[in-house]
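Convention: sequence-line order gives letters A, B, ...; per-chain numbering from 1.
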Amino acid sequence: MREYLAQNILHALVAAGVIETLLRYWRLTHPAERLAFRLLALTLPLAVLPVFWAFAPFRLDPAFADAFALFASVHWEAVRVGSVGLGALLLAGACAAGVLLYLRDLTPLLRARWRHEGPAVDLPAEDSLARAVSDLSRRVGLRIRPALRVIDETVPVLFASGVRRPALVVSRGAVERLDEAQLRVTLAHELVHLGRGDVLLGWAVMAARTLMLFNPISQLVARGVVLEVERRADDTAAHVLEASATLADGMERLVGARFETPAARAREGRINGYILGLALKGRAAARARRCGRLRDGWPPMRRGLPGLRVGLTCVALAGLLFFIV
Amino acid sequence: MIEAMSVRGTVRETAGIVGPLVIVMALAAAALRGLDVLPRWVAGEGRGVVRYASVAGVEQVFGERLLMPAFFPATLQWPPAAVRFHAGPPPAVAVTFAARDGGAERLVLYETRGARASIPMALMPAGLVLYRVVVPVAQGEAVLYRVQMSDGAIRNDLVWHRDDAAVALRYAGPADELVTIAKSLRRGRP
């Protein structure tokens with residue numbers, strides 16, 4: 001068990017490090033290409049270890065660690081902190097960090113789901129908002145029109161949900177705060193999520209995170225996956241409606257409005273003084289980068305031979321991970 | 001003409017993918033190797049001493065099976081607590097066995113290649129010799145030393161030369177048990 005945890009974390013660390021370096025080296029900016037690499041970084045540590053254990057059980061032999069391994073965590077047991085090996089201490093710390101990161105993202109997700117399970121109205125097809133959604137669904141290539149559920153809340157809420165029964169959830173607060181163009185492009189963004197199956201992908205990522213909840217690196221990589229999914233939806237919506245700057249404006253207005261309520265301001269002030277404040281600032285910076293990209297760095301350039309890049313990286317990384325025990 | 005340019009472009013693009021990939025992988029492998037060596041420095045091993053995770057691992061670099069006692073007192077714990085290698089020349093190995101009950105170092109088995117070689121100090125720190133006596137072992141005679149280590153601990157050292165190796169045992173137990181262990185040494189597992 002301990003060997004599995006240590007190797008999974010090490011593999012995730014190496015895979016993430018190599019892939020981040022390659023993304024910079026190759027200057028890959030297109031979200032679809034970056035998403036493929038981030039998914040590789042997330043899934044490879046989960047996939048290779050059972051395969052290695054099934055087909056190369058000799059990797060578990062200490063002689064392999066001594067003679068062939070590039071890195072063996074067992075060698076760090078030689079460094080002692082008191083009566084405990086440094087390797088064991090680092091592993092315990094990493095596992096604790098992984099669980100904290102997982103819970104930190106799971107809690108708001110569940111809270112948001114419970115909160116929006118409340119009363120919502122399905123709009124009739126003749127409503128102007130429903131007509132806009134119908135038109136946008138066609139333009140982003142959705143085959144079936146999703147249900148449109150409106151929440152009677154002043155807090156701006158806008159998200160896509162449902163795998164078998166796709167739905168768009170929007171609050172009155174979101175509709176009131178956005179002008180028509182901003183509303184159309186932000187709705188298009190959510191419809192792109194439904195069209196690309198991002199809701200299912202989101203659950204799959206959450207499942208992978210649950211399987212690796214002890215792994216802090218995978219938890220961070222999963223956040224990167226979600227960010228690329230959002231960017232990919234940004235790009236498609238901005239491309240379909242030719243309104244990248246409008247989408248950036250709409251997103252900023254929606255996010256800014258969330259902190260306008262007295263309760264949200266009080267909460268922000270409360271946690272600003274703590275370490276969590278740093279995380280909030282980090283999220284705000286990520287949002288600012290996402291909007292900045294839509295204004296200045298859009299459209300992103302596609303590089304050639306994406307399949308070859310991902311395939312070669314996958315094979316090379318699997319080979320490298322084989323020698324990390 | 002256009003086709004040839006397209007092929008050339010694809011080849012250039014492929015080289016642009018493979019080149020950085022090889023560089024990044026090589027750098028990652030080098031960094032991992034460095035991190036693998038780091039604990040030996042941090043643990044304060046002597047110069048030239050490499051720690052191994054297993055007897056089998058050190059045997060691969062040593063070049064032959066190590067001498068192991070067929071008589072293995074119940075007070076000792078298997079597998080060894082530490083396996084260290086000194087590249088020499090000549091190459092030498094130290095295998096440390098901890099006590100089964102407390103984890104303290106109880107028996108260290110040293111071996112170096114070459115009948116006239118001596119165990120390097122980096123593996124076997126010297127102590128103050130309190131007395132010495134010659135005792136018979138399987139292949140001739142050995143010298144039994146009673147030594148006081150720098151931390152004040154008393155140990156029994158047994159040192160002798162075989163045809164192919166110089167061997168030493170350092171034991172925190174009784175001298176007669178140490179001689180029995182020495183007489184039972186064979187190449188292979190206990």
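Distance check: B:R33 CZ to A:F323 CZ gives 11.5 Å after rounding to the nearest 0.5 Å. Remark: B:I17 CD1 to A:L312 CG distance equals 7.0 Å, nearest 0.5 Å.
Inter-residue side-chain proximity for B:I23 and A:Y25 is flagged as met; some heavy-atom pair is nearer than 4.5 Å.
Contact detail for A:F71 and B:L32: the closest heavy-atom pair is CD1-O, 3.5 Å. Taking all atoms of both residues into account, the shortest heavy-atom contact from A:V18 to B:M25 is CG1-CE, 3.6 Å. Closest approach of A:R303 and B:E13 over heavy atoms only: C-OE2, 4.4 Å. Among all heavy-atom pairs drawn from A:L70 and B:D36, the shortest one is O-CB, 3.3 Å.
Comparing A:G17, A:A316, A:G87, A:G319 by how many heavy-atom pairs each has under 4.5 Å with chain B, the most go to A:A316. Ranked by heavy-atom pairs under 4.5 Å with chain A, the list B:G16, B:A31, B:S54, B:A28 is led by B:S54.
Using a 4.5 Å cut-off between heavy atoms, B:L27 makes no contact with chain A at all. Heavy-atom distances place both the backbone and the side chain of A:L305 under 4.5 Å from chain B. At a 4.5 Å heavy-atom cutoff, the contact between A:L317 and chain B is made by backbone and side-chain atoms alike.
Heavy atoms from other residues, nucleotides or ligands lying under 6.0 Å from CZ of A:F55 number 12 at most. Other residues, nucleotides and ligands place more than 12 heavy atoms under 6.0 Å from the NE2 atom of A:H30. Within a 6.0 Å radius of CZ in A:R295, other residues, nucleotides and ligands contribute more than 12 heavy atoms. Shown here is A:F322, whose CZ atom has more than 12 heavy atoms of other residues, nucleotides or ligands within 6.0 Å.
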